[in-house]
Amino acid sequence: MELADIGMAPRREEKVGTLEEAVGLIKNGDMLAFGGIHSHNGPMALIRQMIRSGIKDLHAIGNVSAGMPADILIGGGCIETFTVCYVGLEHLGFAPRFRKAAEERKIKIIDGDEIYYVLGLKAGAVGLPFVPHPPGHEARDNPKFESTYARTTDPYTGREVIVSPAIAPDVGIIHAAQCDPFGNVVHLGSVVADDLIAKASARTIVTTEEIVPLDSIKRDPKRTSIPGHYVDLVVEVPYGAHPLSCHGVYNHDEPHIVEYRDADIDAYLQEYVFGVEDHFAYLEKFGIERLMALRESL
Amino acid sequence: MELADIGMAPRREEKVGTLEEAVGLIKNGDMLAFGGIHSHNGPMALIRQMIRSGIKDLHAIGNVSAGMPADILIGGGCIETFTVCYVGLEHLGFAPRFRKAAEERKIKIIDGDEIYYVLGLKAGAVGLPFVPHPPGHEARDNPKFESTYARTTDPYTGREVIVSPAIAPDVGIIHAAQCDPFGNVVHLGSVVADDLIAKASARTIVTTEEIVPLDSIKRDPKRTSIPGHYVDLVVEVPYGAHPLSCHGVYNHDEPHIVEYRDADIDAYLQEYVFGVEDHFAYLEKFGIERLMALRESL
Amino acid sequence: MKSSKPATDYSIGELMAVSIARQMEVHDGDWAAIGAYSELPMASMKLARLLYAPNLWWMSGGGGAINSTSKVVRSTSDFRVIRGAEYVMNMQDIVDIEMWRFSRGREKVVAVVGGIQIDKHGASNMVCVGDYANPTVRGVGTVGLCFGVSFSMVYFFTLHHNPKIFVDQVDFISSPGHTEARRKYVPEGCEGPQLVFSPLGIFDFESAARTMRLRSLHPGVTATEVVEKTGFELAIPDDVPETDPPTELELTLLRNAIDPDGVLRELRITR
Amino acid sequence: MKSSKPATDYSIGELMAVSIARQMEVHDGDWAAIGAYSELPMASMKLARLLYAPNLWWMSGGGGAINSTSKVVRSTSDFRVIRGAEYVMNMQDIVDIEMWRFSRGREKVVAVVGGIQIDKHGASNMVCVGDYANPTVRGVGTVGLCFGVSFSMVYFFTLHHNPKIFVDQVDFISSPGHTEARRKYVPEGCEGPQLVFSPLGIFDFESAARTMRLRSLHPGVTATEVVEKTGFELAIPDDVPETDPPTELELTLLRNAIDPDGVLRELRITR
């Protein structure tokens, strides 16, 4: 019982909303980070909703190893610039729309490695002015992308050091197994950099398999992977990562990722994005038996 | 069953040792970091063994909020320099031997705040050359400790920024509720900066309430707070944090901390450090009933 | 929401805890940190979330527990504070918060902290009394007061009110007051010291020179007494109201739900 | 410890996995990372810990699982890899490892990774074929190859051996080889590329000019074939041994304990 229940105090506000409201927090031209890694934990339902809504000119900083979420955003015409650490489909090969757009110079690319990405987000989260890199990185092909790196002086040694910028996305979008109505997130598998994305982004949207009650969070606060104060909106979207996995809930649907890879992108988008009314209509295309077969606990 | 059990492969080596072996890894003049915070999770049994062994001239970087562990190391004559973020006894007042040594200028002090401490350890862990600070910190009394900070240029704005050095201790000592024989640590309460200390230190020693089997760790690897590859030696020391708490196992013994605070330091050390043969002889001075009364699960 | 009649029998600690809790109403939806030796603001944060700021996010000192609903204990890093919390920060999380994140431009990030000295412009000092190189009193250190130049706002509380604490100018600037140095170096949005809650009254920095000004007197305290016990010239408006006493509801919550062990009433507070 | 008789029926993937596992014997007590698209080295790490390097610590790619004992799956970030692991790294942990930590001066930190191009000095490229600004083939990105200048040692594996992969000079230096630039910029202790495991043989960089040198030929492969399929002048010693085939024990472990689903035998490997 809360005092709010008997009218003696204001009630805590829930942050729960819809995919449509989530897209409303994303503006054309925003810098966008998305969570997960490779074929895992990407906020795919929200990404499909973004494409359906015609979001444009995004500067995606992706995630540290982006696959289908990056590729479909490019294929859907949402991306102007991509900060690339890795965009590919692991053992399934290159990400075809990313590769095509890059080779045809249809998108602007900023190449930054995992240090650039992770420490950049960390700096962006807290206002560190820049990230000084350890010595040795000068031996790589940094001169080819001077827009990525700059240089300053290490006052302790007098040496010149390579530095990279802080990264502070306008919007971070994340998918996780559980989240309470106030934004407290629980990852059942890898967090990867989802916590950093939430910290660094001006607005953070969490889609989740299941909105759990606050009491579930309080049972073991050490399981909470992202504290809710970083989260602006929570959307319950079962199978919201499909065809990627949601760690600890279901595996990735590899045959469908292959189907996506090999499809004509316009036909694919017509069938699975524009041609379906909403996320549940999308799921109906796969059927309960197939979706249930993907389920697997940790 | 392992292949080593039937002689078909070499056996994984355990890192288990004694407090005496732990002290053997600490040299006079070393830079030493210790884990925990305030009256919690300090590796007190190992610290008493260090004092008993006459370790000298340490540069302690302490923990971010150090209490009795800092004070008794100073009282025991082990410290030459102390990098101070906080040394005190919370609601129990100033740390008397720290205060006396500071006011009598018997120890050298480097004042650094929590950013200096935490980001310095982070940089030390990975070889970042220095830590650039966010703007605004120039408004504090930094000029009074120029030895703490230096300055360089932010190449993105042209502004001068304050920077602090990477911190890479020679030895980190940590106490936690559980650890397996290979160094995988489990904190039941706050980790604070113990994980960073383990990462940044050239040698890391873990004292633990209980050495648990590897299978216990593998049951839920997400509970592991420090991976064992950062750990050099594991020592099982029940009540090894007494009179501080070990989060999730027992509370701090506040009456004894008060007794320590108010005691003549030489008399205290004679009674509780030099006058007892080992850790169990120390515990016998309190008796089982008192020790059991401190126990409390999370 | 102070929906209950004024109480008559309360301690000065309870009055201060309630005053801070009420102030948190303007921070509903914001984020607040307390430090060590902070039983009093710990009680305030809990009371605020129950009555005035249900959307306040707060951190219990270095132990890192967020929105703890455990009973008040004396050490804010005590692991019992983790009970009923929603997240447990490690030191990296804490430092991430201590630095700058106005990029979000939404919630304020505030601190409720103490000091061994607080001066007329609201600078605070935790490092030393006297010369830094040769101190009369060596304090605990620079700790987390780095957030004095990065948090949106800082509130001070003190358990004592005397000229040794309230000094004309601090001997070491852990966190700067409303000075030229702040205006020169500190980013906009970091608004600095707001209020001081002492055992004698509540103070702000709204004088023309942005020096400490009496805002309300606790019941039974006179302006003369405050002036005598303050080590600089305090700004005193013509009309100084009395601090609203706790209500019965606030006290009932404090004593039954928040602090059943009576930690707050046992605090050593001197005027 | 290769205590079992040579096998005769094995796939090229199994031979490569075994070769890498055996090499890990010198890294017993060290730390190793694999990346994405790494079913093969994943099997190697598991085999190494069973037979040759029980004290090896290894990380399964971006999912961050340390010392996983699960069966081989195709995605190294698959959550099933967390089963039987001892710790799960987040990206900050991973980047902390990717950077420099020779301060410990004890264990080596090694990587087993691939590349879309590898050149004669051991530089690797994951970014582009052709001009960076106008590439013929756009690769996946610079990823974690930053550790090419911070890890103690780098091992390469490739699932194909042809002149498009083994080029005279990479079109983009993701990770530098044994060049003047490495000697000028990279700290001592970071020793660079060590061995290359390809479907045709094993290679080192021990020629006088520190270029890629044939170390052993896989059974049935000739030096002439390797030379034809390599896009630069390979150093070839007078005597080149044959790569030791897997033993029955190694194959039994691979097929029953490590990779019961047969991922390794289904790998698309071309010579």
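What you are looking at is a predicted structure, and each value in this text was computed from that prediction instead of being measured. All chains are named by letter (A, B, ...) in the order of the sequence lines, taking the proteins before the strands, and each is independently numbered beginning at 1.
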Requested in this report: Check the pair C/Asp93 / A/Lys199 against side chain to side chain contact (heavy atoms under 4.5 Å, CB included), numbers first and verdict last.
Outcome: CA-CA 9 Å; C/Asp93 286 325; A/Lys199 280 182 177 178; 2.6 Å; yes
**Report entry** Inter-chain contacts: residues 213-226 of chain A against chain C, heavy atoms under 4.5 Å
**Finding:** A/Leu214, A/Ile217, A/Lys218, A/Pro221, A/Lys222, A/Thr224, A/Ser225, A/Ile226
Query - Region of C/Arg83 that comes under 4.5 Å of a non-hydrogen atom in chain A - result: neither
Report task. Report, as yes or no, whether the 6.0 Å neighbourhood of atom CZ on C/Arg215 holds more than 12 heavy atoms from other residues, nucleotides or ligands. Result -> no
Report task. Please indicate whether A/Glu20 has more than 12 foreign heavy atoms, meaning atoms of other residues, nucleotides or ligands, lying under 6.0 Å from its CD. Result -> yes
Query - Heavy-atom side-chain proximity of C/Asp30 to A/His229 below 4.5 angstrom - result: no
**Report entry** Contact origin within C/Thr69 toward chain A - heavy atom pairs under 4.5 Å
**Finding:** side chain
Report task. Could you grab the distance from atom CD of C/Glu107 to atom CG of A/Asp232, nearest 0.5 Å is fine? Result -> 8.0 Å
Query raised in the report: Is a donor on one side and an acceptor on the other found under 3.5 Å between the side chain of C/Asp96 and the backbone of A/Val126?
Result: no
Query - Residues, nucleotides or ligands: over 12 heavy atoms within 6.0 Å of A/Lys27 NZ - result: yes
Requested in this report: Mind listing the closest non-hydrogen atom pair of C/Glu86 and A/Asn184 along with its distance?
Outcome: OE1-ND2, 3.0 Å
Report task. Verify the neighbour count for atom CD of A/Glu2: are there more than 12 heavy atoms of other residues, nucleotides or ligands below 6.0 Å? Result -> no
Query - Region of C/Leu253 that comes under 4.5 Å of a non-hydrogen atom in chain A - result: side chain
Report task. Rounded to the nearest 0.5 Å, what's the gap from CH2 on C/Trp31 to OH on A/Tyr230? Could you check? Result -> 7.0 Å
Report task. To the nearest 0.5 Å, tell me how far C/Asn55 CG sits from A/Phe182 CZ. Result -> 8.0 Å
**Report entry** Exercise: identify the closest heavy-atom pair between A/Leu3 and C/Leu51
**Finding:** CD1-CD2, 3.7 Å
Query raised in the report: If you look at every heavy atom in A/Pro10 and C/Pro54, which pair is closest and at what distance?
Result: O-CG, 3.4 Å
